Participant: 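Before I ask anything, let me first share the structure, which is written out below as structure tokens.
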2 protein chains.
Amino acid sequence: MEGCYPPGMRSYGQYCAVAKALDVVGDRWTLLIVRELLLRGGCRYTDLQHGLPGIATNLLSQRLKELEEQGLVRRDAVPPPVATTLYDLTDAGRELEPVLRALGGWGVRFMPDPTGNEVFRSHWLAFPVSQFLQDGEPDGPPATIEVRTADQPVVIEVGGGEITSYLGTAPSPDLVLEGDPPMVLGVLSSMLKLADARQLGLRTEGSTTVLRRLRFRVPT
Amino acid sequence: MEGCYPPGMRSYGQYCAVAKALDVVGDRWTLLIVRELLLRGGCRYTDLQHGLPGIATNLLSQRLKELEEQGLVRRDAVPPPVATTLYDLTDAGRELEPVLRALGGWGVRFMPDPTGNEVFRSHWLAFPVSQFLQDGEPDGPPATIEVRTADQPVVIEVGGGEITSYLGTAPSPDLVLEGDPPMVLGVLSSMLKLADARQLGLRTEGSTTVLRRLRFRVPT
DNA sequence: CGGCATCCTCTTTGATACTG
DNA sequence: CAGTATCAAAGAGGATGCCG
């Protein structure tokens, strides 16, 4: 039942769009590599390794090769003095974003009960923040939240009805949240009350009133 | 890096909604099983085997067990005289439909170039028909197309701006299309001209004017 | 260092055969 | 019909080695 395009390529052999999509991106780690490239844009091999804790290095290199052959990933050689190669998505690869958003939207149901020994990377916040959080007071003044919860600080900007996030620090944030990822997520999504979170070890600096502007909504 | 919920369960160990979703539905065949259950509703083990050509029976039984443990699939015992067990999705499982639609929407790009030795099942048409086809003449009279391309005939009903499909035969269809799946898909999506398709072996009965009402559109 | 390739072990998959 | 049992082959995970 192997369509067997190149030898070693395993296909479901079904004339169905879902099966054909899974032929290309259904292998283990593949969609997470796409997630990394979507969130980071062009980046180096080592950056990918950092964003994919647990992946074996040979597997990452193999997947990148396959993705390049399938036309989802492009490999750009950056000339000296940088002298490295950057990996980035092609248009076809970038068009997987709705798939990742749908998967993430379905997967949020598992976020409230973390196993405790899971890894977290700050830039993973970008998807949920833009997908699930809304500014409940579009006419309110702009406000910034700095989140310190993992490898790098993240800034969340609220204002004019929009919510954006980026890696970095804010010069004078209205609020600083510091604590482990499930707690920070819980507070941002209003699923955890601030008082409870503080009992569990959340540290805050500044005014927490901005949190009341955040509206959590899983798109239907 | 194993979250290791039950022993044998392989997790990415990442506190990320996408990774958590893939922990549950990222294994080989899992999403195709969900596709079958979405398209068929409650059905028997053997029906699933028929809709999943190529799956090993032990793997199907194992996946169903896992899906049941994860709360995506329910197993209903039907009492005699039928005396069988039906598999069906729970609400959580059914909520994967947007994921499958996104995957299918991305995967249609591979449909124009079939490898030739792929399997096709008629009920797989239901997703693409409802997702990609629109009735371009909502004020036109109702019309029916009967498609004979695989294991069972399929009826496509066009009318009032809506397009629906179901397995079965129409008493007096306006048009009958008979040929292999890529050709029928090509004609339905207007990617293949009727004259060309006929040269390639497409057989038709009745009036083909209804085809001009069908609008193919990949949702953005 | 960054960017892999190799080697080895362990797990998962696939094909087939068999059972209540 | 609805699975379980068995076994070979493929793939994943981990450690380490190589090379500019």
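In this text, all values refer to a predicted model and were calculated from it rather than measured experimentally. The sequence lines fix the lettering, A, B, ..., with proteins before strands; numbering per chain opens at 1.
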Participant: Going by atom types alone, do Tyr45(B) and Thr57(B) pair a side-chain donor with an acceptor below 3.5 Å?
Facilitator: yes

Participant: How long is the line joining CD1 of Ile55(A) and P of dA15(D), in whole Å?
Facilitator: 15 Å

Participant: What is the separation between atom CG on Asp27(B) and atom C1' on dG14(C), rounded to the nearest whole Å?
Facilitator: 15 Å

Participant: Between Glu69(A) and Lys65(A) (salt bridge meaning N to carboxylate O under 4.0 Å), is one present in this structure?
Facilitator: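 Result for this pair is no, no salt bridge flagged.
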
Participant: Have a look at Glu68(B) and tell me which of Arg75(B), Arg63(B), Arg74(B) forms a side-chain hydrogen bond (donor to acceptor under 3.5 Å, both in side chains) with it.
Facilitator: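 Option passing the side-chain hydrogen bond (donor to acceptor under 3.5 Å, both in side chains) with Glu68(B): Arg75(B).
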
Participant: With side-chain hydrogen bond (donor to acceptor under 3.5 Å, both in side chains) as the test, pick out the partner of His123(B) among Glu36(B), Gln152(B), His50(B).
Facilitator: Glu36(B)

Participant: Give me each pair satisfying ring pair (Phe, Tyr, Trp, His ring centres under 6.0 Å) with a member in residues 16-42 of chain B, each pair once, sequence neighbours excluded.
Facilitator: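 Those involving residues 16-42 of chain B are Tyr12(A)-Trp29(B).
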
Participant: Using whole Å, report how far CZ of Arg10(A) lies from C1' of dT12(C).
Facilitator: 9 Å

Participant: Please give, in whole Å, the distance from dT13(C) P to Leu60(B) CG?
Facilitator: 13 Å

Participant: Please check the phosphate of dG11(D) (OP1 and OP2 only) for any side-chain N or O of Trp29(A) closer than 4.0 Å.
Facilitator: no

Participant: Could you write nucleotides 2-8 of chain C as a row of B, S and -, 5' to 3', where a protein heavy atom under 4.0 Å of any base atom gives B, of only sugar-phosphate atoms gives S, and otherwise -?
Facilitator: SSBBBB-

Participant: Whole Å only: how far is the CZ atom of Arg28(B) from the P atom of dA10(D)?
Facilitator: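 Atom CZ in Arg28(B) sits about 13 Å away from atom P in dA10(D).
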
Participant: Sort and list the pairs that fulfil ring pair (Phe, Tyr, Trp, His ring centres under 6.0 Å) and have at least one residue in residues 63-119 of chain B, not counting sequence neighbours.
Facilitator: Trp106(B)-Phe110(B)

Participant: Figure out the CD/C1' separation between Glu66(A) and dA10(D), and round it to whole Å.
Facilitator: 13 Å

Participant: Using atom CD1 of Ile33(B) as one end and atom P of dG3(D) as the other, report the distance to the nearest whole Å.
Facilitator: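 Taking CD1 of Ile33(B) and P of dG3(D), I get 12 Å after rounding.
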
